[in-house]
Amino acid sequence: YAELFNEFYDILVKGAGNDVARRILGSLRARVTYLRTVTAARTSKTRTRETVQLMKAIAAAAGQRDGELVASRCRAFVERSAAFAFKVLAELEAEQREDA
């Protein structure tokens, strides 16, 4: 799951031709992969289906060569993912405190 996300974003960044973005994302890859792995373990089937739909919408906008729409959809996707990651990390932290 996490590796498929990496491939998806590799294709987007390559298509954008933005070497700076590619390097920045490369440096963040280990952290992002960790978060994707942790959040994927706690996601529902409904959320997974919604995620796939959002990714298809990003790909469709890229296919239309609508850079502004791609950027907008990517931004919304990242914000949604970040909110979920914060929630999952807070839950993990609470569980660790309970176990201590």
Side-chain angles (χ1 to χ4, degrees):
Y1 185 81
E3 189 56 39
L4 289 175
F5 270 108
N6 286 338
E7 290 178 29
F8 179 78
Y9 281 106
D10 285 344
I11 291 167
L12 282 179
V13 171
K14 182 178 180 183
N18 187 330
D19 194 50
V20 173
R22 184 190 57 75
R23 283 185 277 155
I24 290 169
L25 287 174
S27 69
L28 294 174
R29 177 160 286 176
R31 290 179 184 180
V32 170
T33 299
Y34 167 76
L35 282 174
R36 284 184 184 140
T37 302
V38 169
T39 57
R42 293 188 174 234
T43 195
S44 67
K45 288 183 182 184
T46 299
R47 184 176 174 83
T48 299
R49 283 191 295 273
E50 291 170 355
T51 297
V52 170
Q53 289 305 109
L54 291 170
M55 293 176 72
K56 286 181 179 180
I58 293 168
Q64 297 168 6
R65 298 188 179 278
D66 187 337
E68 288 183 28
L69 186 56
V70 171
S72 173
R73 289 180 176 174
C74 284
R75 188 172 23 264
F77 185 84
V78 169
E79 289 170 355
R80 174 182 175 266
S81 298
F84 186 63
F86 280 123
K87 177 182 175 277
V88 168
L89 292 173
E91 290 170 357
L92 287 172
E93 185 178 325
E95 290 170 10
Q96 289 173 352
R97 282 194 306 267
E98 289 174 6
D99 290 342

message: Through direct or indirect side-chain contacts below 4.5 angstrom among Ile, Leu, Val, Met, Phe, Trp and Tyr, which residues connect to Ile11?
response: none
message: Taking salt bridge (Lys or Arg N to Asp or Glu O under 4.0 Å) as the definition, give me every residue that meets it alongside Glu91, ordered by chain and number, with sequence neighbours left out.
response: Arg42, Lys87
Passing candidate, side chain to side chain contact (heavy atoms under 4.5 Å, CB included) with Val52, options Arg49, Lys56, Glu50: Lys56
Atom pairs and distances, side-chain donor-acceptor, residues 65-77, under 3.5 Å, sequence neighbours left out:
residue, atom, partner, partner atom, Å
Asp66, OD1, Glu68, N, 3.4
Asp66, OD1, Leu69, N, 3.1
Arg73, NH1, Ala57, O, 2.6

message: I need the minimum non-hydrogen distance between Leu12 and Ala62, along with the two atoms involved.
response: CD2-CB, 4.3 Å
query: Hey, what do you get for CZ (Phe86) to CG (Leu35), rounding to the nearest 0.5 Å?
result: 9.0 Å
message: To the nearest 0.5 Å, what is the distance between CE on Met55 and OG1 on Thr51?
response: 8.0 Å
query: Can you name the side-chain hydrogen bond (donor to acceptor under 3.5 Å, both in side chains) partners of Glu93, sequence neighbours left out?
result: Arg97
task: Tell me, please, which residues at least two apart from Arg22 pass side-chain hydrogen bond (donor to acceptor under 3.5 Å, both in side chains).
output: Asp19
message: Going by the rule side-chain contact (heavy atoms from CB on, under 4.5 Å), which residues pair with Val20 if we only count those two or more places apart in sequence or in a different chain?
response: Asn18, Arg23, Ile24
- prompt: Applying the 4.5 Å side-chain criterion to the ILVMFWY set and letting contacts propagate, would Tyr34 and Phe84 be lumped into a single cluster?
  reply: yes
